[in-house]
Asks: 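One structure, pasted below without further comment.
Count residues from 1 along the sequence. Read the numbers this way: they start at 1 and go in the same order the structure lists the ligands and their atoms. Treat the numbers as computed from the prediction; the structure is a model and nothing was measured.
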Amino acid sequence: MLRPRRKRRAAPGRGGTRRALGLPGRRGSGGRRDGHQGRRLRRAERVRPCDPVPASARERLPQEIAVRAAVLSATGRIEIREVDRPQLGPDDVLIKTTHAGVCGSDLHAFKGKHPFRKPPVILGHELAGTVVECGGDARGFSPGDRVTVMPALACGTCRLCRMGRENICLNKRVPGVQGWLGVFAEYAVAKASVTFGIAPATTLELAVLAEPLAVGVHAVTRQAHIEPDGRVLVLGGGTIGILTALAARAAGAGDIVITDLFELNLGLARTLCGATAVHVGREGWEEHLAQGYPDKFDVTFLCSGAPATVGQATRLTRRGGRIVVTGLFLEPVPTDLTTVTLGELEVVGSQIYDHRDFRTALDWIEAGRFDFRKMVTHVFPLDQAQQALEVLANRTEDAVKILLDTSR
Ligand SMILES: [Zn+2]
Ligand SMILES: [Zn+2]
């Protein structure tokens, strides 16, 4: 595992950071002092430790503490700045983060291609850490608890929530937008309802993987309907692709074939779940695969968002088979719908996860269902978030899951 050497801390950011991020100004920053103090008083009345704990176990942060955060200030540019600590709502917990995962969606934002995460924004939604404070209505947690967070908040009242489909809630909130700060920062805030305790034997580093694993769990267990011994094709062997292959293995799939451009990723999929790995840089790989599987695949997962994989999916999935779209395609892709019609292919989307999927993912990590440690190839200190994103963006070196150590 590569652990880049820590660099000197970057200088604190410019004064406009808080306003630009939609945060309140710091105390003493001009004429907002009275209003700010008023908010503090009201808030102080609501705050209590989550569950009765001895006073010695409580930890409180000064309200005005500055928090180091990795801010995407412009496309391709991350700066380490100091921002106000996140505000704690009555049903929130405040978490001192230790690790944050760098995800494909962070990479999209870094490249300026994310549909709604635009600079200036604190990226990151995969985290683990320790609870330091709880709002007055946040039940079930105490300071010192080790936790991870399902970074999606459903409204609970819209038509889709009432249908039990919280993952596609019409009013869903996620970190990085609508006032919920991203987690590439020393502290993060989350509703207690989406916070999950971590078993004592599980490291915080591994618990970060619950989020991407839950994506694979949802795609496989809710959207794919894999029959026992079903033939599964995973197009795109990044973190989500590999974790989807693992979920397919857990679901009882027979042959699992995974494609990618990188030997490291392919080797991991082979090692972790016995998948057959196909390098898409090799000439004629698709014809070769089609010859090896004349009955084609029962279920195909589109995990990379690469336009070429759409045609591969329609050609390599059997009649009556299913194509599950997990990857984010940033532009419309021409699709051979004649093949879909003639073969009655089912094409279904798969969007993040819900509580059950997240619980399953965390259970698997805690139980050591697979050797998830092998997924983490890099851990960068928070100060080197720029380098972490560049490794993923430019593929200057082999990488699968990259974490930020937010305590350094
Ligand atoms: Zn993610
Ligand atoms: Zn809803």
Asks: What's the SG-the Zn ion (ligand 2)-SG angle here (Cys169, Cys158), rounded to 10 degrees?
Replies: 110°
Asks: Is a salt bridge present between Arg315 and Glu287, judged by a nitrogen-to-oxygen distance below 4.0 Å?
Replies: no
Asks: Pick from Val234, Ile258, Thr239: which one makes a side chain to side chain contact (heavy atoms under 4.5 Å, CB included) with Cys303?
Replies: Val234
Asks: Verify whether one side chain among Glu346 and His225 offers a donor that lies under 3.5 Å from an acceptor in the other.
Replies: no
Asks: Are Arg231 and Asp255 within salt-bridge range, i.e. N to O under 4.0 Å?
Replies: no
Asks: If you have a sec, read the angle at the Zn ion (ligand 2) from Cys155 atom SG over to Cys161 atom SG, to 10 degrees.
Replies: 120°
Asks: Can you tell me if Glu126 has an N, O or S atom under 2.8 Å away from the Zn ion (ligand 1)?
Replies: yes
Asks: Find, among atoms of Glu211 that are N, O or S, the one nearest to the Zn ion (ligand 1), and state its name.
Replies: OE1
